[in-house]
Protein chains: 2
Amino acid sequence: MSTRRATISDVAREAGVSPSTASVVFSGKTPVTDATRRRVLDAASALGYTGPDPRAASLRRGRSGIVGVVFEEHLGTAFLDPVKTLMMDGLSEAVSPLGAGLLLLRDHDPTESGTAASLTTAPLDAAVLIGCSGHLRESLDAVKARGIPVVVVEGDAGDDIPRIVLDNREAQRQAASHLRALGHRRVAVLTLPARAGWQAGWLLDGTAVTIDVTRERLAGALEVYPDAPVYAAAGSFIDEGLAAGRVLLADPSHRPTAVIAQSDLLAAGVIRAAEEAGLRVPEDVSVTGFDGIVVDGLAPYELTTLVQPAAAKGRAAGQAVAAMLEGSDAASIRFTCEFREGNTTAAPRPA
Amino acid sequence: MSTRRATISDVAREAGVSPSTASVVFSGKTPVTDATRRRVLDAASALGYTGPDPRAASLRRGRSGIVGVVFEEHLGTAFLDPVKTLMMDGLSEAVSPLGAGLLLLRDHDPTESGTAASLTTAPLDAAVLIGCSGHLRESLDAVKARGIPVVVVEGDAGDDIPRIVLDNREAQRQAASHLRALGHRRVAVLTLPARAGWQAGWLLDGTAVTIDVTRERLAGALEVYPDAPVYAAAGSFIDEGLAAGRVLLADPSHRPTAVIAQSDLLAAGVIRAAEEAGLRVPEDVSVTGFDGIVVDGLAPYELTTLVQPAAAKGRAAGQAVAAMLEGSDAASIRFTCEFREGNTTAAPRPA
DNA sequence: TTGTAAGCGTTATCAG
DNA sequence: CTGATAACGCTTACAA
């Protein structure tokens with residue numbers, strides 16, 4: 001306990017074998033006699049040796065078994081989003097057979113001193129960037145410079161970087177078409193933030209939307225309802241949807257008969273706003289969501305929504321990483337959302 | 001691109017300095033002439049060298065800059081809990097000045113093959129175990145054997161392991177006392193799961209409660225209301241609270257005038273169940289929560305609850321890790337919850 | 001301020 | 001099946 005920790009050579013010496021043999025006993029990469037194995041293992045436990053030092057092993061092997069996951073938000077914020085959480089789940093599942101773990105990283109944390117573990121100083125085998133917009137590009141450059149494989153989820157990082165994306169536009173158009181088929185003419189759109197740091201408010205024609213997901217889903221809705229009023233929330237939360245819903249449903253004379261929300265949480269908030277205003281869903285207002293997550297506490301409503309394969313996205317990212325680590329190059333993947341009709345949409349009341 | 005990556009020696013040679021000088025330019029640990037620094041930096045960019053290889057550096061230094069966070073649940077499940085999320089936030093903040101990042105780990109994943117990155121194979125400087133009950137003890141042994149510093153949050157790992165805990169019992173008693181002071185006599189308790197894998201149901205006297213948090217909070221409530229009926233939910237979700245609330249409030253003749261819920265999410269569900277049953281909160285039923293998180297979508301209710309310093313817990317864990325890494329030994333810390341009166345508790349209706 | 005030298009603890013390779 | 005050898009790429013006393 002007091003002296004330095006035992007190394008594999010100590011164990012080898014104690015067991016009367018060579019270091020390489022001892023190493024092989026632990027890695028299992030080459031057959032070893034049972035007797036030898038036992039001697040080595042006994043020596044190890046006698047010396048309190050618990051296995052090869054991962055640091056040395058990773059230097060030698062050139063692999064650390066660590067995949068970085070880079071977020072552009074505060075970690076707490078990222079995990080507030082059920083879709084990201086599911087995605088992490090899929091990702092963790094997919095890198096696990098690789099023997100890899102996930103290291104949480106922020107793109108560039110302005111509040112922290114430069115000492116923080118980062119893309120540049122962490123022993124990463126690969127990196128997954130989540131939602132590549134804005135300064136995440138800097139992270140991208142850092143990683144590319146290091147020459148480690150990168151995959152981008154829900155973002156565009158240039159042609160040479162595999163990306164995992166959704167058919168946001170087409171999917172959202174499907175929901176809009178569904179509403180039109182039901183006969184809705186006055187429809188409002190409630191979007192996710194238009195850009196980083198966005199404050200909730202109407203999205204006028206000229207406003208630039210820099211967040212890819214928001215822009216694409218919006219485009220899909222506008223294909224069907226080109227003149228729909230558009231309100232952009234400040235984030236994907238029920239309370240944001242509630243606040244926005246109050247605005248959208250405020251004026252009885254201009255009230256939309258349906259609201260297309262860009263996330264299930266926003267949709268849930270709109271439903272609450274409708275209830276609050278004495279409107280019934282779907283009789284008085286139809287509401288569609290996006291994501292297909294389980295919104296805790298929303299029962300008995302079942303959202304009409306686009307179900308995105310969030311966990312599959314994560315898994316795909318993990319598999320892409322695995323492929324690149326093997327030297328093959330990974331293709332970008334575009335996932336398709338599935339339209340699911342719930343009980344929050346119906347034909348509008350006859351005027 | 002085709003040949004092997006440049007090393008710091010290559011850079012040094014190119015710059016006409018020694019490897020140690022080049023190293024120092026990157027680490028900044030020793031003063032270097034501006035001219036020298038420039039030469040080295042130029043050589044580096046000429047060779048496409050992006051900085052020291054973290055794997056080699058960590059072997060040499062004996063530090064990897066990685067702190068493992070060990071959960072006993074699926075990652076997706078863990079992050080569904082806002083308290084854990086906040087805790088992670090605090091933790092990540094506290095280890096950041098250390099230059100460390102957080103590696104997500106599961107205790108022992110039965111579904112994965114043995115290859116997964118784990119306590120035993122990941123290059124960890126330290127580990128934080130979350131909620132040490134059940135098999136998390138195995139993880140504990142693994143880490144202790146490796147001789148790396150460990151901290152346990154919300155769990156008991158024996159006297160030699162620093163732990164970060166809450167005054168669960170006292171805090172819960174405070175909420176119960178508040179209800180008694182208001183005049184409540186028929187009070188029901190809605191707890192978190194009694195053990196891993198628990199199905200929602202009544203908790204009878206003899207039932208063993210193996211989850212520390214559940215047991216302690218329950219004990220606090222029972223100090224004030226020893227005869228209260230106790231129902232244990234299957235998890236901390238609004239929908240669980242809703243289901244449990246339906247049971248608790250079902251029978252008008254035995255209906256409690258107040259429900260003590262062990263989490264804010266459960267409390268939110270009970271409130272929904274009350275609304276559903278045509279009862280008003282707090283006029284007909286009082287409800288208390290625990291955690292003090294923001295429950296998305298609960299407005300206009302403000303829970304009467306115990307606010308736990310979730311982020312501070314994470315920070316404390318991080319600081320404990322930092323201390324141990326410096327050689328000093330970290331003390332266990334017991335945090336105190338703050339009672340916060342909202343608008344979900346009031347005196348019971350006169351019978 | 002810069003250079004020299006000696007590892008850090010493993011594991012891949014190849015020969016026996 | 002086992003052993004000798006040679007790196008992996010860097011950091012840090014210590015000396016100059």
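Since we're looking at a predicted model, the values are computed, not measured. Below, read A as the first sequence line, B as the second, and so on, with proteins coming before strands; counting in each chain starts at 1.
Take A:Ser18 and apply the side-chain hydrogen bond (donor to acceptor under 3.5 Å, both in side chains) test, not counting sequence neighbours, and it matches A:Ser20, A:Thr21. B:Val213 pairs by the side chain to side chain contact (heavy atoms under 4.5 Å, CB included) definition with B:Glu154, B:Asn168, B:Leu192, B:Arg217, not counting sequence neighbours. With sequence neighbours excluded, the residues forming a side chain to side chain contact (heavy atoms under 4.5 Å, CB included) with A:Val24 are A:Thr30, A:Val32, listed by chain and number. Considering only residues two or more places apart in sequence or on other chains, A:Phe335 meets the ring-ring contact (aromatic ring centres under 6.0 Å, His included) condition with none of them. Scanning for side-chain hydrogen bond (donor to acceptor under 3.5 Å, both in side chains) contacts around A:Arg61 gives an empty result, with sequence neighbours left out. When the side chain to side chain contact (heavy atoms under 4.5 Å, CB included) test is applied to B:Ala322, the partners found at least two apart in sequence or on another chain are B:Leu98.
A salt bridge links A:Asp10 with A:Arg13: the distance from a Lys NZ or Arg NE/NH1/NH2 to an Asp or Glu carboxylate oxygen falls below 4.0 Å.
We find that CG of A:Asp53 is positioned 12 Å from P of C:dC8, with the value rounded to whole Å. In this structure, A:Arg55 places its CZ atom 14 Å from P of C:dT11, rounding to the nearest Å. When the C1' atom of C:dG7 is taken as reference, atom CG of B:Leu59 falls 9 Å away, rounded to whole Å.
Look at B:Ser18 and you'll find a side-chain N or O under 4.0 angstrom from OP1 or OP2 of C:dG3.
Among pairs with a residue in residues 81-91 of chain B, those fulfilling side chain to side chain donor-acceptor pair (under 3.5 Å) read A:His74-B:Asp89, B:Glu73-B:Lys84, at least two apart in sequence or across chains. Legend: side chain to side chain donor-acceptor pair (under 3.5 Å) pairs involving residues 314-333 of chain B, not counting sequence neighbours: none detected.
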Which pairs would a plain distance check flag for residues 42-55 of chain A, meaning a side-chain donor or acceptor within less than 3.5 Å of a matching protein atom at least two apart in sequence or in another chain?
residue	atom	partner	partner atom	Å
A:Ser45	OG	A:Asp42	O	3.2
A:Tyr49	OH	A:Gly51	O	3.4
A:Asp53	OD1	A:Arg55	N	2.7
A:Arg55	NH1	B:Gly62	O	3.4
A:Arg55	NH1	B:Asp125	OD1	3.4

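Atom CG of A:Asp160 sits in a crowded spot, with more than 12 heavy atoms from other residues, nucleotides or ligands closer than 6.0 Å.
Contact check of residues 33-49 of chain A against DNA chain C (heavy atom, cut-off under 4.0 Å) returns A:Tyr49.
Note on A:Ser23: a base of the nucleic acid sits closer than 4.0 angstrom, heavy atoms only. Backbone-only contact: A:Val17 has heavy atoms under 4.0 Å from sugar-phosphate atoms and none from a base.
Heavy-atom contacts of chain A under 4.0 Å fall on DNA chain D between two terminal nucleotides, which in 5' to 3' order are D:dC1 to D:dG9.
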Give me, pair by pair, the N or O atoms of the protein and of nucleotides 12-16 of chain C that are less than 3.5 Å apart, along with how far apart they are.
residue	atom	partner	partner atom	Å
C:dA12	O4'	A:Arg60	NH2	3.1

